[in-house]
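Worksheet: one structure, shown below.
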Amino acid sequence: MLPLIKSKNIKLIPPPLVALAVAVFAAHWFELGRVRAENLFGKTFALGPEYLVKLPASVASALTFPDFSKFLSITSVKYVVMFALVGSLETMLSAKAIDISDPWKRKSNLSRDLGAVAIGNIICGLTGGLPMISEIARSSANISYGARTARANFFHGFFMLLFISFFPSLLEQIPLSALAAMLVYTGFRLASPKEWLHMYRTGKEQLIVFVVTIVITLAIDLLAGIFAGIATKLFIELLLGLPLRNIFRAGLRQEINNDTVYLYISGAAVFSNYLNIKKSLQKVSPHQNVVIDLSDCKIIDHTVMQNLSLFKNECEQEGKKCVIAGLDVHRSLSSHPLAVRVKV
C-alpha cells in the first residue's frame, strides 16, 4: 500500500487555475473578444477574437481522415520518422525524469508507455489529431498535486474531453497570452536557476551538456537539442579517457559465490553502454546479494553513478546487500557524491 502524502505537500488550489481565472476575467474586462483598434505607446493594435482560444463547433466536425495519395513521398516519410523519434525520445525522457522525482521511486514500464504512445498516435493520425507524447509538464503537475496512480492521467484526459465536447464556449474565453505565459512558467521551472546550480555542483561537464542542450533546443528544435547534448557528452567523455571499444559495450564478467553475485565492469561505465550493464543487473535473482566492482573502469559517468545508486537503494529496500566497490582508485571531478569518476 502506498504511503499517504502529507497535507502540506498538496496544493489544494493549483496556481495555474488561479492564473487562468484571472486571465479570463481580464479578457472580459478589456473586451478582448470585440473587434477594434487600440492605441498604445503611439502604436495602433488590432484586437479581436483571434487572441482567444478557438475550438471547433463540435468534436465530430473536427475529425478529418488521412489522404494516402502521398503516403510514400519524401515529405511524408520525413515527418513520420521525425514524429516517431521525437515522440519516443520525449516519452522515455519524461518517464525517466518522473521516475527520479517520484516520492516512492517507482519505475515506469517504458515498453508499455511507448506502446501506448504508438497506438495513440495511430488513432490520432487516422482522425486528424496532433501527435501525442508522455508529457513532462502534466506528469510533474500530477506529482505536485498529490497524484499517486495512473488514474490521474485518465481523469486528466477525461475532463479535457468533457470540456471540449460540452463546454467549448467556456474554454474559448481563455486568452492565448495566458496559455503562452503558463508554458513559459512551466519551462522556467524545469530549467530554473536552481537547476543550473545543481548541474554545476554535479560537475562542470554536466553544466556544459545542460547548456548546449538548452541552447540548441531553443535555436532549432527538441530533437536537435537532444542529439547535440548526447554528442557533447560523448565528446567530453572521450577527452576524459573513454576507450572507443567501450562506447556502446562495457566489459563484463560475472561470478557467483554462494548467495552473492560479483559483477566486474571494465573499460568504462557510461550512459551509452549502461544498457549492457543494466541487462546484467536485471538477471540477478531477488534473493542474491550483489557486489559491483568498478576498479577496472577508466571512467564512470554521472548517469551510471546515479543508476547504480538507485539500484543499490532498491536492493536495500528488498532486504539484500549491494556493494559498489572500486571507487577508491578513481578521482571525482566534483564534490557531488554521484559525480563523474576518472581512474587515477
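Annotation for Tyr264: atom OH counts as buried by contact number, over 12 foreign heavy atoms lying within 6.0 Å. For Leu239, the CG atom sits in a packed shell: over 12 heavy atoms of surrounding residues, nucleotides or ligands are nearer than 6.0 Å. Within a 6.0 Å radius of CZ in Arg151, no more than 12 heavy atoms belonging to other residues, nucleotides or ligands are found. For Lys204, the NZ atom counts as loosely surrounded, since its 6.0 Å shell holds 12 or fewer non-hydrogen atoms of other residues, nucleotides or ligands. Around the CZ atom of Phe71, the shell of radius 6.0 Å holds no more than 12 heavy atoms that belong to other residues, nucleotides or ligands.
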Evaluate Glu172 against Lys54 for side-chain contact (heavy atoms from CB on, under 4.5 Å), listing each step before the verdict. CA-CA 6 Å; Glu172 289 178 339; Lys54 185 64 177 177; 4.1 Å; yes

In sequence, state the C-alpha distance, the side-chain angles, and the governing distance for Glu314 and Lys312, and then conclude on salt bridge (charged side-chain N to carboxylate O under 4.0 Å, His left out). CA-CA 5 Å; Glu314 290 174 5; Lys312 182 178 180 180; over 6 Å; no

Go through the steps to decide whether Ser272 and Leu234 satisfy the test side-chain contact (heavy atoms from CB on, under 4.5 Å), and finish with yes or no. CA-CA 8 Å; Ser272 55; Leu234 196 58; 4.2 Å; yes

Candidate pair Asp113 and Thr91, rule side-chain hydrogen bond (donor to acceptor under 3.5 Å, both in side chains), full reasoning: CA-CA 7 Å; Asp113 281 0; Thr91 294; over 6 Å; no

side-chain contact (heavy atoms from CB on, under 4.5 Å) between Glu90 and Ile226, intermediate numbers included: CA-CA 9 Å; Glu90 188 157 352; Ile226 292 172; 5.9 Å; no

For Ser192 and Glu195, run side-chain contact (heavy atoms from CB on, under 4.5 Å): C-alpha distance rounded to whole Å, both residues' side-chain angles, the deciding distance at 0.1 Å, then the answer. CA-CA 5 Å; Ser192 64; Glu195 294 300 324; 3.7 Å; yes

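Among Val270, Leu242, Asn273, the one residue that satisfies the side chain to side chain contact (heavy atoms under 4.5 Å, CB included) test with Ile247 is Leu242. Each of Val80, Thr75, Val81 was compared with Val77 under the side chain to side chain contact (heavy atoms under 4.5 Å, CB included) criterion, and only Val81 meets it.
In terms of modelled atom types and a separation under 3.5 Å, the side chain of Ser76 and the main chain of Leu72 share no donor-acceptor contact. Using modelled atom types, no side-chain atom of Lys343 and backbone atom of Val329 make a donor-acceptor pair closer than 3.5 Å. Judged purely by atom type and a 3.5 angstrom limit, Asp259 has no side-chain atom pairing as donor or acceptor with the backbone of Gln288. With hydrogens and angles ignored, the 3.5 Å screen pairs no side-chain donor or acceptor of Arg253 with any backbone N or O of Gly251. Side-chain N or O atoms of Thr260 include none that pairs as donor or acceptor with a backbone N or O of Asn289 at under 3.5 Å. Side-chain atoms of Gln173 come within 3.5 Å of backbone atoms of Ser169 as a donor-acceptor pair (strictly under, hydrogens ignored). A donor-acceptor pair under 3.5 Å is absent between the side-chain atoms of Asn121 and the main chain of Pro131, judged by distance alone. Side chain of Ser334 to backbone of Thr202: a donor-acceptor contact under 3.5 angstrom is found. Judged by distance alone, the side chain of Ser58 and the main-chain N or O of Ser61 form a donor-acceptor pair under 3.5 Å. Put simply, the side chain of His156 never gets that close to the backbone of Asn142: no donor and acceptor are under 3.5 Å apart.
A pairwise comparison of heavy atoms in Leu52 and Ala27 identifies CD2-CB, 4.3 Å as the closest pair. Of all heavy-atom pairs spanning Leu207 and Tyr200, the tightest one is CD2-CD1, 3.9 Å. The heavy-atom pair separating Pro175 from Leu32 by the smallest distance is CB-CD2, 4.0 Å. In terms of heavy atoms, Gly326 sits closest to Asp293 at CA-OD1, 4.4 Å.
Residues passing the side-chain contact (heavy atoms from CB on, under 4.5 Å) test with Ala191, sequence neighbours excluded: Trp196, Phe210, Ile214. Looking at residues two or more places apart in sequence or on another chain, you find no ring-ring contact (aromatic ring centres under 6.0 Å, His included) involving Phe158.
Side-chain contact between Phe271 and Asn307 is absent, with no heavy atoms from C-beta onward closer than 4.5 Å.
Between Glu38 and Arg36, at least one side-chain nitrogen of the basic residue sits less than 4.0 Å from a carboxylate oxygen of the acidic one, meeting the salt-bridge criterion.
If you chain together ILVMFWY residues whose side-chain heavy atoms come under 4.5 Å of each other, Leu294 ends up grouped with Leu252, Ile256, Val261, Leu263, Ile265, Tyr274, Ile277, Leu281, Val284, Val290, Ile292, Ile300, Val304, Met305, Leu308, Phe311, Ile324, Leu327, Leu338.
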